[in-house]
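Note that this is a predicted model, so its numbers are computed, not measured. The sequence lines fix the lettering, A, B, ..., with proteins before strands; numbering per chain opens at 1.
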Amino acid sequence: MESIQAVKGMNDILPGQVEWWQKVETTAREVLENFGYREIRTPVLEKLELFSRGIGESTDIVEKEMYAFEDRRGEWLALRPEATASVVRAYIQHNLQADFTMQKLYALGPMFRRERPQKGRYRQFHQIDVEAFGVDDPMLDAEMMYMLRVFLERIGLSGVVLHINSLGCPQCRQEHKVRLQGYLETHQETLCPDCRKRRHTNPLRTFDCKVERCQKVLEKAPHLLGSICEPCGTHFERVKDHMEQLRTPYLINPRMVRGLDYYTRTAFEVITDQLGAQNAVGGGGRYNGLAQDLGGPDIPGIGFAIGMERLILLLQQQQEEARRMPKIFLAAMGERARTHAFLLTQELRAAGLETEMDYEGKSLKSQMRRADKYGVSHVLILGEEEMDKGVAKLRNMAGKSQQEIPLEDLPAAMKNL
RNA sequence: GUGGGUGUAGCUCAAUAGGUUAGAGCACUGGGUUGUGGCCCCAGAGGUCGUCGGUUCAAGUCCGAUCACUCACCCCA
């Protein structure tokens, strides 16, 4: 019989790996909650329309990467390809703007995109998603990027750079788009086929084309940053001022464009050069029109997402892993001692001590080997001899010393080690 | 969706120009005198050589197909 494999691009996270995830998750919660963010959990499945309207009909995500299907009653649903649209939907649906003028929310969980997997890119991947609603002030933009930096520092990640840009508002971006299209048209002949297509569909995207002759053309192309409107320009200036105030290093990257339609003004990405082709560990930006696009009130928002597998891949390259092991091992010989050891194990656990034992009646030598593999600091040895005397031998694995301890004192004595 | 690379034990890899019972290291199990770990020594278990088909007296090895994994393109976290 053929064994069943996991779905392509969807991974099991095994013991030994899962410790990294726990570390990232707990650190994320600590930092985010310290900045006033509260967790929200939304369904993994949403109406398809939420994403086609929210992310943009012509984006790659919506066009070709979504897990979309018709359910038994003919309703079109999709596994979420990102979290922002869902969080905004929940925000609108539950009228969260009525509670406070500002809402700071975060969500952890799996996202789904049907792409060809490669290093740092999977069909089920996980994000730490952060969103703040109701405030358009640049102070919040800067605080968010500062918080991202604090988180990455706390988790111990090094070698990443924060890129920032302003994408302007729908109005000035539209004007720029027309100008850029005009420019590209005059250089049409030199552009690669992809860029010729992008000229119509999404001219801004030509900026991250990797073909050399396209880059050459784009060097002289009008930059969005140079032509954003006055209010967008001052917003960006103030973001930068606050970044300096918070002593958070950044790099202005006028070529950065983001793949989702809803971004406005501030956009940012955390970039690494240690992940092969996947260079973005996290990214986000402001999305002032999104809530309204999704049928809600006209409320500004800003947010970002961190790719957990990418972050963990980097951490694993940079840090030693810490394995989780029991602290005490019980080695017992003979039926009487084994039966007692079984109970004793539960008592030690009840006292809060991580305890493991041998369940198979193996030789003492074998049990000691097992204890050593676990890396426990102490082993309790229990045999006929000890049972007769009403004691257990406590062996210190590091020092090799051994002492006898009365059985009735055990949980207490172990706690004081 | 497109292109490249790789599929042999749980893991990392060997296997002469096709030729008998496919090997090693690590990991695993047991043992090295009565009930004591690490180091060392001995022994053991573990593989339909991804799958299907073809060439051949003979295929892990050659050919084809297929699947899986992987890297890259596209795009993104």
Side-chain angles (χ1 to χ4, degrees), chain A residues 1-9 11 14 16 55 58-65 80-84 108-130 148 160 192-195 197-198 201-202 205 208-211 256-260 268-272 275-284 303-314 329 331-334 337 358 360 362-387 393-402:
Chain A
M1 182 93 82
E2 205 173 306
S3 68
I4 297 171
Q5 309 286 306
V7 175
K8 185 204 266 293
N11 301 309
L14 302 175
I55 299 170
S58 68
T59 56
D60 279 16
I61 294 179
V62 171
E63 251 176 17
K64 51 188 206 199
E65 293 171 3
R80 60 178 181 197
E82 57 111 41
T84 304
L108 304 179
M111 311 295 156
F112 304 85
R113 261 125 92 163
R114 223 204 104 99
E115 305 173 85
R116 196 86 164 249
Q118 68 189 70
K119 185 173 188 167
R121 174 204 283 163
Y122 309 100
R123 288 184 173 182
Q124 175 176 340
F125 61 101
H126 299 75
Q127 289 185 334
I128 301 166
D129 186 74
V130 181
L148 180 53
V160 290
C192 72
D194 278 341
C195 281
K197 238 181 285 162
R198 277 191 279 240
T201 55
N202 197 346
R205 281 242 86 89
D208 39 38
C209 180
K210 279 158 192 154
V211 178
M256 183 175 69
V257 280
R258 312 228 66 239
L260 289 64
F268 54 99
E269 259 174 32
V270 173
I271 307 283
T272 174
L275 265 187
Q278 261 47 59
N279 63 356
V281 184
F304 68 85
I306 295 170
M308 293 179 74
E309 18 293 268
R310 288 184 188 178
L311 176 59
I312 288 167
L313 237 34
L314 285 175
F329 189 88
M333 292 147 292
D358 165 64
E360 298 163 280
K362 295 197 172 167
S363 71
L364 181 60
K365 182 196 191 94
S366 160
Q367 293 188 56
M368 291 302 288
R369 276 184 178 163
R370 169 66 52 210
D372 189 59
K373 287 254 161 55
Y374 280 145
V376 299
S377 57
H378 297 270
V379 175
L380 280 170
I381 299 167
L382 212 55
E384 283 300 314
E385 226 175 82
E386 287 80 9
M387 290 303 288
K393 283 202 175 104
L394 173 65
R395 181 176 179 83
N396 181 327
M397 293 299 272
K400 265 193 158 173
S401 63
Q402 226 163 267

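- No contact: A:Val379 has no heavy atom under 4.0 Å from any strand.
- Among the atoms of the strands shown, only primed sugar atoms or phosphate atoms (P, OP1, OP2) are found under 4.0 Å from some heavy atom of A:Ala280.
- Among the atoms of the strands shown, base atoms are found under 4.0 Å from some heavy atom of A:Arg113.
- Residue contacts shown for A:Ser363 are limited to sugar-phosphate atoms, with no base heavy atom under 4.0 Å away.
- Look at CG on A:Leu148: it is 13 Å from P on B:A77, rounded to the nearest Å.
- No donor-acceptor contact under 3.5 Å links the side chain of A:Arg116 to the base of B:A72.
- Using a 4.0 Å heavy-atom distance criterion, A:Lys393 is classed as a base contact.
- When the nucleotides B:G1, B:U29, B:A77 are ranked by their closest atom to the side chain of A:Phe125, B:A77 comes out on top.
- Rounded to whole Å, atom P of B:C28 lies 14 Å from atom CD of A:Glu360.
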**OP:** Applying side chain to side chain contact (heavy atoms under 4.5 Å, CB included), run through A:Asp129 and A:Thr84 and close with a yes or a no.
**Re:** CA-CA 7 Å; A:Asp129 186 74; A:Thr84 304; 3.8 Å; yes
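- Base-pair partner of B:G44: B:C28 (Watson-Crick or G-U wobble, both distances under 3.5 Å).
- Nucleic acid contact class of A:Gln367 (heavy atoms, under 4.0 Å, all strands): none.
- Between B:U36, B:G3, B:A77, one nucleotide has an atom nearer to the side chain of A:Ile381 than all others, and that is B:U36.
- If you check every strand for non-hydrogen atoms under 4.0 Å, A:Gln402 touches a base.
- In this structure, the CD1 atom of A:Ile55 is 11 Å from the C1' atom of B:C76, given to the nearest Å.
- Residue A:Lys64 places no side-chain N or O under 4.0 Å from the OP1 or OP2 atom of B:C74.
- In this model, a side-chain donor or acceptor of A:Glu115 finds a partner on the base of B:A77 within 3.5 Å.
- Distance noted for atom C1' between B:A58 and B:G50: 23 Å (whole Å).
- The main-chain N or O of A:His126 is found under 3.5 Å from a side-chain atom of A:Glu309 such that the two form a donor-acceptor pair.
- The minimum heavy-atom distance linking A:Gln278 with A:Thr272 is given by the pair O-CG2, 4.2 Å.
- In this structure, B:G23 forms a base pair with B:C13, meeting either the Watson-Crick or the G-U wobble geometry with both donor-acceptor distances under 3.5 Å.
- Look at A:Lys373 and you'll find a side-chain N or O under 4.0 angstrom from OP1 or OP2 of B:C28.
- Here the closest heavy-atom approach between residue A:Leu148 and residue A:Phe268 is recorded as CD2-CE1, 3.9 Å.
- Between the CG atom of A:Leu14 and the C1' atom of B:A27 there is a distance of 16 Å, rounded to whole Å.
- Taking the nucleotide of RNA chain B with the nearest heavy atom to each of A:Asn279 and A:Ser401, the more 5' of the two is matched to A:Ser401.
- Counting distance only, with no hydrogens placed and no angle test, the side-chain atoms of A:Arg121 and the base atoms of B:C71 include no donor-acceptor pair under 3.5 Å.
- The shortest distance between the side-chain N/O atoms of A:Gln118 and the OP1/OP2 oxygens of B:C71 is not below 4.0 Å.
- Across the P atoms, B:A24 and B:G35 are found 32 Å apart, a figure rounded to whole Å.
- Atom CG in A:Leu313 sits roughly 13 Å away from atom C1' in B:C71 (whole-Å rounding).
- Using a 4.0 Å heavy-atom cutoff across all strands shown, A:Glu385 reaches at least one base atom of the nucleic acid.
- A salt bridge links A:Lys393 with A:Glu385: at least one charged nitrogen is closer than 4.0 Å to a carboxylate oxygen.
- Comparing atom distances between the A:Leu364 side chain and each of B:G30, B:U36, B:A77 picks out B:U36 as nearest.
- Separation of the P atoms belonging to B:A15 and B:U34 is 44 Å when rounded to the nearest angstrom.
- Distance from the side chain of A:Ala277 is smallest to B:A72 among B:G35, B:A72, B:G37.
- Ranking B:C76, B:C71, B:G30 by closeness to the A:Arg369 side chain, first place goes to B:G30.
- The nucleotide whose nearest atom lies closest to any side-chain atom of A:Asp372 is, among B:G37, B:C74, B:C76, B:G37.
- Closest to the side chain of A:Met368, from the set B:A77, B:G37, B:G1, is B:G37.
- The distance from atom NE2 of A:His378 to atom P of B:G38 is 19 Å, rounded to the nearest whole Å.
- If you check every strand for non-hydrogen atoms under 4.0 Å, A:Gly276 touches sugar and phosphate atoms only.
- Annotation: B:U51 and B:A59 have their C1' atoms spaced 16 Å apart (nearest Å).
- Summarising the base pairing, B:U2 is matched to B:A72 through a Watson-Crick or G-U wobble pair whose two defining distances lie under 3.5 Å.
- Using N1 to N3 plus N6-O4 or O6-N4 for Watson-Crick, or N1-O2 and O6-N3 for G-U wobble, each under 3.5 Å, B:U66 pairs with B:G50.
- Atom CZ in A:Arg114 sits roughly 15 Å away from atom C1' in B:C74 (whole-Å rounding).
- Judged by Watson-Crick or G-U wobble contacts below 3.5 Å, the nucleotide B:U36 has no partner.
- Rounding to whole angstrom units, CE of residue A:Met387 and P of B:G35 are separated by 18 Å.
- To the nearest whole angstrom, the two P atoms, one in B:G60 and one in B:C49, are 7 Å apart.
- A:Lys119 comes within 4.0 angstrom of sugar-phosphate atoms only, judged by non-hydrogen atoms across all strands, and of no base.
- Residue contacts shown for A:Glu386 include a base, since a base heavy atom lies under 4.0 Å away.
- Between A:His378 and A:Arg395 the shortest side-chain heavy-atom distance does not fall below 4.5 Å.
- For the C1' atoms, the distance from B:A9 to B:G46 is 6 Å, rounded to whole Å.
- For the pair A:Arg370 and A:Tyr374, the cation-pi test (distance below 6.0 Å, angle within 45°) is passed.
- Nucleotides B:U20 and B:U61 are separated by 13 Å at their P atoms, to the nearest Å.
- Closest of all the heavy-atom pairs between A:Met368 and A:Val379 is SD-CG1, 4.1 Å.
- Residue A:Arg395 has its side chain nearest to B:G37 when only B:C71, B:G37, B:C76 are considered.
- With a 3.5 Å ceiling on both atom-pair distances, B:U61 lacks any Watson-Crick or G-U wobble partner.
- For A:Lys8, counting side-chain heavy atoms from C-beta on, the closest listed nucleotide (B:A77, B:A72, B:C69) is B:C69.
- Relative to the side chain of A:Ser366, the nucleotides B:G30, B:C71, B:U36 differ in distance, and B:G30 lies closest.
- For the residue pair A:Arg310 and A:Ala280, the shortest heavy atom distance occurs at NH1-O, 2.8 Å.
- With P as the reference atom, B:U21 and B:G25 are 23 Å apart, rounded to whole Å.
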Subject >> Full working for side chain to side chain contact (heavy atoms under 4.5 Å, CB included) between A:Arg123 and A:Val7 >> reply: CA-CA 9 Å; A:Arg123 288 184 173 182; A:Val7 175; 5.7 Å; no
